[in-house]
Enquirer: 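One structure, as structure tokens, below. Some questions next.
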There are 2 protein chains.
Amino acid sequence: MSRFKSEKSASGARSIGIRDIARSAGVSTATVSRFLNKPESVGADLRDKISRVIDETGYIPHASARALSSRRTRTIGAIVPTVDNAMFAQGLQALQSYLATKDYLLLLATNEYDIDVELQQARNLVARGIDALILRGDERHPILRRLLETNGIPFVNVGLCEPAKPYPSVGVDNYEAGRVLARYITDLGHRRVAVVAAHQRNNDRAQARLRGIIEVLEQQACAPGPGWQLQVDYNLADAGDAARILLQGESRPTAIICGNDVIAYGVMLAAIRMGCDVPRDLSVVGFDDLDWSRHLLPSLTTIHMPTNEIWVRAGRYLVDLLAGQAPIKHQQVDFSLVLRESTAPPPKT
Amino acid sequence: MSRFKSEKSASGARSIGIRDIARSAGVSTATVSRFLNKPESVGADLRDKISRVIDETGYIPHASARALSSRRTRTIGAIVPTVDNAMFAQGLQALQSYLATKDYLLLLATNEYDIDVELQQARNLVARGIDALILRGDERHPILRRLLETNGIPFVNVGLCEPAKPYPSVGVDNYEAGRVLARYITDLGHRRVAVVAAHQRNNDRAQARLRGIIEVLEQQACAPGPGWQLQVDYNLADAGDAARILLQGESRPTAIICGNDVIAYGVMLAAIRMGCDVPRDLSVVGFDDLDWSRHLLPSLTTIHMPTNEIWVRAGRYLVDLLAGQAPIKHQQVDFSLVLRESTAPPPKT
DNA sequence: CCAAGGCATGTAACCGGTTACATATCATCG
DNA sequence: CGATGATATGTAACCGGTTACATGCCTTGG
């Protein structure tokens, strides 16, 4: 029956393959394959002929077959907490554009801030045959490391930079960023400072930032008590709740340092609704410098993170590595303090 | 030399395959394959044995090989303008979670609002072997239709619902939504109404919304002249520019209808900076009801879009279709008008 | 008690590319 | 002029699964 194999289920015009192209062009499959992967290794006349046949037929090479035999998928995976978040979205967009220029595809997965989910997603990506993986931060399931190792999948951590660690990383020094920001607040004269951080669990960037902030505040002898150190989820509503808690009491902070711009904005909106004048009564600062932070009212003083650059560099690191080069293993990217309208010296009283 | 094949490049412990599992479990590869794909078709004792071997070895089936021989990748593609946009990000996140429960993977590509890029990306996805495709809107490159047809790839349009068209779609009736929103504004008493829409090129949703808006305004004999109909990109800065143009003249609008929430927010921020009191001097409305629209100051009157539901339904449509069922082809989802603080009757004067 | 049919399992061809190796051609050099 | 090597192309084994078909066993009904 094998002579009927191409007549599957009525509609089944079997899609054309490399053998069809080879036959039409009067060459071998090997030559077509070489044309596809390294055109300059094929003679000019054959090159033209093959090219013409491919254009005419609209032939598209079968990526799975390619991946199977070459053991490379030209696919890079990335696992982030969620794409529903301006910062990741922006960086991923930039990464994707970059990878497209290198003829790589980005395969995206989310871990919902859960290292078990992350492991599961990583398994998924590995099964899918990614050539390399980009991970957010540095805290992850121990089995994940083994998984990547035994499958020989290179990876890079983004969002932090720890030259002491054996794993490659691209990012800013979050600890130092925390210090700079806190220092700016204390230099303005604030001594009653509260901190609304992102949840610390499994989030080393948030931890490093907080560590830097607290350290500076301690040096200035104004470390916030436990009631003035809150942790919230990444959204406006929760941040607003935190602000209401901080501002309802008798003794209020004159400045609130927030773990990122979204939290800062949530805090600011709630404070204004409570009748606070930002920055006259209360200064608010964040991290990340999201696109809209400079448009807000008041615009937000924050730490600018070169998000796009970080993600693109991470992508480039892996692409170079896969191309057999030896890129720089730890790339520290500069952040900067952006002064805007949401900060001022504390009120006199 | 073939007996050396497993010793590639020193580190090369060839990863284990289905034949290894079969040998260890004392069964044939076919049985292992059946265990993987339809466990209930394998006897209980063998099932246990195979399961144990797989757990011990950490075996992960090779997706490319699987795809090659089964001609199904369990991958669904989606092409959106950009992920750097709260609305898409949210919907995609929901879609991805849904597909994960069905053991499908989401392959994401962006078209940067360009139908040629979209075609290119679609080629990419097809080469990658997607089983189905989700597309945004309905305006696309004619070749793309052919491409999908000849490759037998089912697809669905999201964000609109046009039962008249032959292609499946899931979304709201944007034209009607535009009418409802405009109607609300005119019912409030506004007669000097400006419109700041998203760019119309290759964006049928934006076109439908605008059509609905203009139609209602014409009925009320207050259709905006060309100077009061602006088109901007999807970002706060451009929207702010538009607001400054509209509000600088002698004769100002008392309400501005915006193509979406981001534009509305950009307009609102710029207006407030110019000393306008929203909503007393100026009413502003948008579309989409992004997460933060209810937190803004003032909070935004807008059309609520069930984004998550739309994307998940689109995913379910394709999953069901691929499973051989016959899901509903055109699914209209309800929108709703959400009244908040950014609207009021026009000032007396 | 035997034929028929259902079920679990094994054998091996096949999916559509890549690539190691063989072969052919031609320029170069002692 | 023959040996040498570089370059272009062809042949066919292989990547790691899936699945059509074959096989063998067990149940069931006449």
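Since we're looking at a predicted model, the values are computed, not measured. Chain letters run A, B, ... following the sequence lines, proteins first and then strands; every chain starts at 1.
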Enquirer: Please evaluate the base of C:dG17 for a donor-acceptor partner in the side chain of A:Arg19 within a cut-off of under 3.5 Å?
Expert: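 Per atom types, the contact qualifies.
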
Enquirer: Looking at C:dT18, C:dG16, D:dG17, which one has an atom nearest to any side-chain atom of B:Pro61?
Expert: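 For B:Pro61, the side-chain atoms sit closest to D:dG17.
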
Enquirer: Could you say whether B:Ser41 or A:Ser33 is positioned toward the 5' end of DNA chain C, judged by the nucleotide with the nearest heavy atom to each?
Expert: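 It is B:Ser41 whose nearest nucleotide is closer to the 5' end.
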
Enquirer: Among C:dT18, D:dT9, D:dG10, which nucleotide has an atom closest to any side-chain atom of A:Ser69?
Expert: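 Among C:dT18, D:dT9, D:dG10, the one nearest the side chain of A:Ser69 is C:dT18.
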
Enquirer: If I take atom CD1 in residue A:Ile18 and atom P in nucleotide D:dC14, what distance separates them, rounded to the nearest angstrom?
Expert: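 About 19 Å, once rounded to whole Å.
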
Enquirer: Should B:Lys49 and B:Val27 be marked as a side chain to side chain contact (heavy atoms under 4.5 Å, CB included) after you check the CA-CA gap, both sets of side-chain angles, and the distance that decides it?
Expert: CA-CA 9 Å; B:Lys49 200 181 298 179; B:Val27 300; 5.8 Å; no

Enquirer: Looking just at side-chain N and O atoms, do B:Thr110 and B:Gln121 make a donor-acceptor pair shorter than 3.5 Å?
Expert: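 No donor-acceptor contact under 3.5 Å links the two side chains.
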
Enquirer: Classify B:Val32 by what it touches in the nucleic acid, base, sugar-phosphate, or nothing, heavy-atom distance under 4.0 Å.
Expert: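 The answer is nothing, as B:Val32 stays clear of every strand by at least 4.0 Å.
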
Enquirer: Rounded to whole angstrom units, what separation is found between the NZ atom of A:Lys49 and the P atom of D:dT9?
Expert: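 Taking NZ of A:Lys49 and P of D:dT9, I get 10 Å after rounding.
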
Enquirer: Within this structure, what is the CZ-to-P distance between A:Arg66 and D:dC14, rounded to whole angstrom?
Expert: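 Going from CZ in A:Arg66 over to P in D:dC14 covers 23 Å.
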
Enquirer: Cut-off 3.5 Å, side chains only: do B:Arg66 and B:Asn37 have a donor facing an acceptor?
Expert: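 Short answer, yes.
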
Enquirer: How many whole angstroms separate atom CZ of B:Phe35 from atom P of D:dT19?
Expert: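 That distance rounds to 17 Å.
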
Enquirer: Would you indicate which nucleotide in C:dT11, C:dT18, C:dT9 comes nearest to any side-chain atom of B:Ala30?
Expert: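 So the side chain of B:Ala30 is nearest to C:dT11.
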
Enquirer: Mapping B:Arg34 and B:Ser64 to their closest nucleotides on DNA chain D, which lands nearer the 5' end?
Expert: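 So the residue in question is B:Ser64.
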
Enquirer: When only distance counts, do a donor and an acceptor, one from the side chain of B:Arg71 and one from the base of C:dG16, lie under 3.5 Å apart?
Expert: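 It does not, because no donor-acceptor pair links the side chain of B:Arg71 to the base of C:dG16 below 3.5 Å.
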
Enquirer: Taking atom P of D:dT18 as reference, at what distance in whole Å does atom CG of A:Leu68 sit?
Expert: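 Between P of D:dT18 and CG of A:Leu68: 12 Å.
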
Enquirer: Can you see if the side chain of B:Thr31 gets near the phosphate of C:dT9 - specifically, an N or O under 4.0 Å from OP1 or OP2?
Expert: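 B:Thr31 to C:dT9 OP1/OP2: no side-chain N or O under 4.0 Å.
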
Enquirer: C:dT18, OP1 or OP2 - any side-chain N/O from A:Ser70 closer than 4.0 Å?
Expert: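 A:Ser70 to C:dT18 OP1/OP2: no side-chain N or O under 4.0 Å.
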
Enquirer: D:dT18 C1' sits how many Å from B:His62 NE2, rounded?
Expert: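 So the NE2-C1' distance, B:His62 to D:dT18, works out to 14 Å.
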
Enquirer: Between D:dT9, D:dG17, C:dT11, which nucleotide gets closest to the side-chain atoms of B:Tyr59?
Expert: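 For B:Tyr59, the side-chain atoms sit closest to D:dG17.
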
Enquirer: Without decimals, in angstroms, what is the distance between B:Arg47 CZ and C:dA8 P?
Expert: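 From B:Arg47 CZ to C:dA8 P: 9 Å.
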
Enquirer: Should we say atom CZ of A:Arg72 is surrounded by more than 12 heavy atoms from elsewhere, each under 6.0 Å from it?
Expert: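 More than 12 heavy atoms, drawn from other residues, nucleotides or ligands, come within 6.0 Å of this atom.
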
Enquirer: Nearest whole Å is fine: how far is D:dT18 P from B:Asn37 CG?
Expert: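 Taking atom P of D:dT18 as the reference, CG of B:Asn37 is at 5 Å.
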
Enquirer: Just say parallel, tilted or perpendicular for the rings of A:Phe155 and A:Tyr167, cut-offs at 30° and 60°.
Expert: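 Taking A:Tyr167 first and then A:Phe155, their aromatic rings sit tilted (interplane angle of 30° to 60°).
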
